[in-house]
Amino acid sequence: MSSSAPKLTDSETKFNPPQNNRDSETKSKTYWSLVGKRIITNKSAVSGACILLFFVSISLLAPWIAPHPVDVMNFEQRFLPPGGQHFLGTDDFGRDIFSRILYGGRVSLMMGLVAVLIAGVIGVTLGVISGYYRRFDIYIMQVMDILLAFPSLLLAIAIIAVLGVGLTNAMIAVAISAIPSYVRVVRGSVLSIREKEYIEAVKALGVSDFKIILKHVFPNVLSPIIVLSSLQFGTSILVAAALSFLGLGAQPPTPEWGSMAYVGKAFLGQAWWMSLFPGLAIMLVVLGFNLLGDGLRDALDPRQK
Amino acid sequence: MSKYILNRTFSMVVTLIGVSILVFLMMHLIPGDPVTYILGDFASEEAIAEMKNTLGLNQPLFIQYIDYIKNVLQGDLGTSYITGLTVIEEIKARFPITVQLAVYSLIIGSVVGILLGILAAVKQNTIFDQLAMVVSLIGISAPGFWIALFLIWIFSYQFSIFPISGYQGFYSLILPSITLGLGSAGNIARMTRSSMLEVIKQDFMRTAQAKGLAMIPMIFKHALQNAMIPVITLIGLQFGFLLAGAVVIETVFALPGLGSFSIEAITKRDLPTVQGLVLFMAFLFIITNMLVDLVYSLVDPRIKY
Amino acid sequence: MKTRGKLIVMLIMMVILAGCSTNTNEQSSGNGVSKSRNTLVISSVREPDTIDVHKTTWVDNSTANIYDTLLKRDLEGNIIPGLAEKYDISDDGKIWTLYLDGNVKFHSGEPLTAEAVKKTFERFLQNSAVKFIAGPVDKMEADGQKLMVYFTEPFAPFASGLTTAYLAPMDPKSLEEYGDDFGKHPAASGIFKFGERTRGSSITYMKNDDYNWGPPFVDNKSAPGFDKYEFRFITDDDTRVLEFKKGTTQIMTSVPPNYIKELEATEGVKIDSMLEQGITYLGFNNKKPMFQDKRVRQAIALGINRDPLVEFALEGYAKPLFGPLPESIPGYSGKVEEEAKQKYTRNVEKAKSLLEEAGWKDTNGDGIVEKDGKPFSFELWLSDEPVMQRIAQILQGQLKEIGILVNISVQEPAAITANTPKGLHDAILNMYGWSDPDILYMLFGKGSSLRMHYEPEELNNLLTKARQTMDTGERMEIYEQAQQFLVEESPWVPLFVRENVTAYRDINGFKQNPYSQAIIFNDITSK
């Protein structure tokens with residue numbers, strides 16, 4: 001029961017990381033190899049990884065495997081249904097949807113990656129500070145509470161309104177709304193470690209705070225960060241797609257999945273493939289990240305079976 | 001307990017002040033001031049100056065904020081620049097739609113989610129379990145707008161059963177509720193499953209089993225009752241989330257709720273409306289969270305504040 | 001069990017929240033109720049902010065018909081008498097005398113007098129954000145049915161201004177009684193009388209039984225054929241179409257292009273379209289170094305083919321346009337349009353050679369022209385309207401063929417309004433709309449070129465002279481010269497004029513006046 005303090009999403013579930021890291025290198029090595037084994041045998045993690053591997057590789061290989069040019073308009077071939085030359089049909093400019101989805105993967109995955117990186121760096125730093133130096137804790141958490149209380153998508157929309165419409169700004173907006181999750185998770189883990197005797201001992205030896213954080217605290221919060229990042233990657237892609245779907249993300253003619261669905265919405269009645277296929281791609285990628293995240297949590301959290 | 005409530009209330013007030021400052025600053029950083037938007041391109045200098053004066057926009061930012069807060073404390077959220085109605089009246093007109101949407105989607109989400117969760121827990125590690133979990137993962141992973149477009153395509157375009165979009169009473173809320181409900185169902189199903197599994201593993205269930213009680217009635221009598229606590233809490237949290245989070249879905253279905261209105265207000269630089277709406281939504285979010293926590297602590301005797 | 005009680009509390013909380021929603025629900029769902037035969041229902045996209053025309057910059061069918069104007073435009077675009085039976089202009093063009101119709105009554109029953117018109121004008125000049133419509137008014141004198149307006153400088157567009165509702169006389173009784181709240185109780189001398197308004201949903205008017213001063217271009221000079229006129233505001237395209245198909249609305253304005261074919265095929269539905277009074281254009285920020293060279297601007301104009309824009313971005317519901325003014329605005333010149341068409345019909349070779357003359361040449365073989373090692377690329381700003389985004393993408397493809405890279409930058413409308421006057425943009429895809437050729441002054445006059453930043457002395461002189469020339473023929477000739485200047489210099493590229501499509505059913509006598517962009521309600525009767 002203790003672990004299931006209910007929260008909105010999985011990404012906010014509490015983590016109890018392995019606290020085996022006294023300072024011996026070997027122990028840590030065996031821990032990670034054990035984890036590796038658990039991951040490989042975890043069905044959820046493996047299937048998630050497979051889905052992601054598939055999407056990452058087709059996105060990377062897009063220039064070679066895309067059957068049609070991504071931006072060239074061909075007005076004779078507007079609104080062709082799926083099948084024949086165009087596997088997933090064509091859009092209002094006669095461009096091949098399949099090719100655009102391949103290229104769009106680069107944009108969508110990149111958006112998720114950048115957002116997670118930004119949010120991760122800022123969130124982890126704040127989380128460590130908040131958990132380790134208790135005097136900042138109340139202020140940082142208050143700011144996080146404010147960010148959380150601000151309706152999340154509206155926060156992103158308002159940030160874009162301030163910064164201007166565009167891909168980069170959408171990434172920043174997504175990142176900012178993802179920061180609180182990191183802070184919460186990392187802070188929680190750091191708090192539980194900080195109270196350990198060995199930290200007290202190292203402290204008594206006069207080791208600097210920076211070193212303690214780097215050598216003793218950080219390695220112990222690594223697993224929850226990995227799990228959270230996997231889940232947050234999916235969430236960020238969803239939020240970014242939602243922004244693009246509202247016309248606030250990628251600029252035309254960039255083939256981003258969310259904006260493809262946005263354009264397709266106007267033609268839903270006559271060309272459903274324009275919006276439904278890009279949406280399907282988003283769903284599959286996010287599913288991949290969620291499966292991977294679930295699997296990683298099972299593997300990294302030894303309490304769970 | 002009462003000290004806890006006092007603390008929470010205090011932190012709520014601080015958070016709300018933070019939210020109000022944040023939204024206030026953001027709305028003043030946004031390029032494009034409301035005056036040029038209200039008056040249009042060819043407005044004369046004097047007209048602009050005068051309008052700024054009437055709206056109090058030529059005051060220093062700090063004074064503007066203090067004035068705003070003073071009014072808020074007297075129950076006055078200001079008047080919309082666009083419609084000329086008070087923000088309170090605007091909220092009164094739109095809130096019912098948002099609430100209905102939240103309630104209907106939670107009903108759908110809870111029924112589907114709890115049933116799926118029970119099925120998965122009872123048939124743990126069978127194909128039913130896996131299927132139920134994949135379905136709920138899809139519910140979590142699919143972008144809301146994609147589910148929406150899919151439902152519109154099937155039920156509005158193919159079969160013309162439901163209106164495509166717009167609000168004409170209960171009928172118009174069915175598809176949006178299903179869309180949002182499916183997302184919640186995923187979370188609820190996962191929570192139900194894990195919570196049920198934990199309860200089933202507990203001793204009294206074993207005892208009950210040992211006493212030879214039949215499985216099915218037992219599930220409903222003992223397991224469900226105990227497992228439902230975290231699930232209900234989750235539902236409560238989802239409710240707070242839905243009240244502020246249906247921005248995209250309200251936009252796709254063109255429902256005149258709070259979410260779609262807040263986007264419109266941001267685009268049109270309707271400062272009082274944006275500020276009022278965000279404050280109101282943040283208030284709802286915090287208060288539901290607080291109530292949920294309170295109820296949770298009442299329900300679970302192990303939690304003490 | 002203890003838990004159960006708490007669960008019930010939780011549920012009750014939710015039910016209460018749900019319950020309070022159903023109460024208020026009834027107000028907002030007033031649509032869809034069947035109306036009596038004597039109500040004409042018109043659906044429209046945009047809800048006007050107020051019916052008080054002195055406090056808005058938006059007037060359309062849903063607000064204009066409560067007002068009657070002092071002058072009118074007939075169906076050929078000529079200015080004809082309205083509430084003013086005639087008007088004189090002094091020789092120096094600075095004094096206008098309006099002679100008001102003595103038979104006209106306001107909705108309150110008060111007679112139309114010069115004093116009332118003067119009061120309205122004064123209120124307009126004090127409140128309106130678009131008071132430039134009235135021009136540089138110095139003072140006014142009222143004498144019975146005669147109103148004299150003194151200007152500090154001659155201002156020809158005043159006549160056009162008098163044909164708009166902005167300058168229509170308001171009912172003095174209502175003004176006196178409600179003052180600033182006139183918008184909530186509007187009254188004037190129009191064909192409609194104000195009934196009621198439901199915010200967020202509709203405005204209802206009653207027919208004005210006293211009305212008997214219909215203009216010459218209508219058959220029925222007296223009160224119109226329906227008892228009530230209800231304007232419903234439905235933002236969502238699909239819903240608006242659905243309501244119309246169900247027959248709950250008889251007139252639907254702004255039919256979305258993708259529905260037109262379907263509606264044309266629907267039994268009993270008729271479609272009427274008219275050209276908008278305004279155009280969509282590609283405007284350069286002429287302050288930017290890259291657009292200083294006329295040849296570059298001409299090359300871009302030569303690189304554009306308007307046909308695919310109209311066909312694929314607007315589904316054919318627009319008309320390609322090469323000159324500055326569309327047919328629907330007085331001052332349009334067939335000659336200018338033909339010249340512009342000759343000059344700028346797409347010619348990739350010529351465009352490329354013009355660019356080369358200007359020093360832009362593709363030296364590294366990437367298909368993009370360079371000058372001093374810098375590739376030619378510019379940022380094109382546009383609003384988030386889907387149609388604009390489609391146009392931009394087609395333009396992007398076309399200009400790439402002449403070696404110019406266009407980066408599309410979608411901006412919020414408010415950001416465009418705020419940032420283009422500062423000159424932060426390279427180029428903009430935009431629309432203008434107005435009923436008088438004086439729009440060119442607003443676009444290119446000294447100090448008012450907020451989008452193109454193009455105000456050469458020669459053009460400014462022409463446009464200033466035109467607004468001070470009282471003789472219509474002479475004035476239009478000056479506009480022709482100004483337009484020729486614009487065509488040659490190419491500080492912008494006019495693209496097309498959109499068609500405003502209206503659908504109607506179950507009524508007879510539907511007509512629109514393209515020069516006021518208004519539905520003529522006088523002759524509409526139920527079938």
Side-chain angles (χ1 to χ4, degrees), chain A residues 1 6 69-80 90-95 100 107 154 156-170 173 243-256 258-272 274-275, chain C residues 3 10 236-238 241-242 245 256-263 305 307-316 367 379-401 405-420 424-425 429:
Chain A
M1 186 66 217
V70 62
D71 276 344
V72 177
M73 300 179 186
N74 185 345
F75 294 120
E76 282 85 57
Q77 307 214 317
R78 300 170 86 205
F79 304 122
L80 290 184
T90 61
D91 67 5
D92 53 332
F93 288 135
R95 297 174 298 198
R100 286 180 72 72
V107 185
L154 277 191
I157 293 168
I159 293 173
I160 290 177
V162 172
L163 299 177
V165 178
L167 210 55
T168 324
N169 295 338
L243 288 175
S244 290
F245 184 73
L246 294 173
L248 298 171
Q251 306 265 339
T254 312
E256 198 267 344
S259 55
M260 286 170 78
Y262 166 62
V263 173
K265 180 190 176 246
F267 303 102
L268 189 62
Q270 61 184 121
W272 52 270
M274 275 179 69
S275 50
Chain C
T3 32
M10 186 77 202
D236 186 61
D237 284 352
D238 304 315
V241 173
L242 214 69
K245 282 210 254 173
N258 45 330
Y259 280 105
I260 294 171
K261 287 202 180 74
E262 186 186 335
L263 287 174
N305 181 1
D307 295 335
L309 301 178
V310 168
E311 197 179 341
F312 302 119
L314 288 128
E315 307 297 323
E379 202 169 80
L380 177 62
W381 285 18
L382 50 132
S383 75
D384 48 4
E385 191 197 351
V387 170
M388 287 296 206
Q389 298 198 22
R390 273 185 264 161
I391 294 164
Q393 289 180 69
I394 299 176
L395 288 179
Q396 188 181 42
Q398 292 180 352
L399 292 182
K400 204 171 174 185
E401 286 173 42
L405 201 62
V406 179
N407 295 314
I408 295 173
S409 173
V410 177
Q411 304 268 335
E412 287 184 286
I416 293 180
T417 319
N419 287 335
T420 45
L424 298 183
H425 59 305
L429 192 60

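Proteins get letters first, then strands, A, B, ... in listed order; numbering begins at 1 in each. In this text the structure is predicted, and so the values were computed from the model without any measurement.
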Practice task
Could you tell me which portion of Pro308(C) (side chain, backbone, both or neither) has an atom closer than 4.5 angstrom to a non-hydrogen atom of chain A?
Solution key: side chain

Handout entry: Contact check, side chains of Gln398(C) and Met73(A), non-hydrogen atoms, under 4.5 Å
Key = no

Exercise for the section: With the side chain counted from C-beta on, respond yes when Gln251(A) and Gln389(C) share a heavy-atom pair under 4.5 Å apart, and no when they do not. Expected result: no

Practice task
Find the distance between CG (Leu246(A)) and CG (Asp384(C)) and round it off to the nearest 0.5 Å.
Solution key: 10.5 Å

Completion exercise
Shortest non-hydrogen pair, Ile408(C) vs Pro253(A), comes out as CD1-CD, 4.3 Å

Fill in the blank from the handout: Of the listed Gln411(C), Glu412(C), Gln396(C), Arg390(C), the one with the largest count of heavy-atom pairs under 4.5 Å with chain A is Arg390(C)

Handout entry: Residue pair Pro386(C) / Val263(A), side-chain heavy-atom distance below 4.5 Å
Key = no

Handout entry: Which atoms of Glu385(C) approach chain A - backbone, side chain, both or neither, heavy atom under 4.5 Å
Key = neither

Exercise for the section: For Val165(A) and Val410(C), work out which heavy atoms get closest and say how close. Expected result: CB-O, 3.2 Å

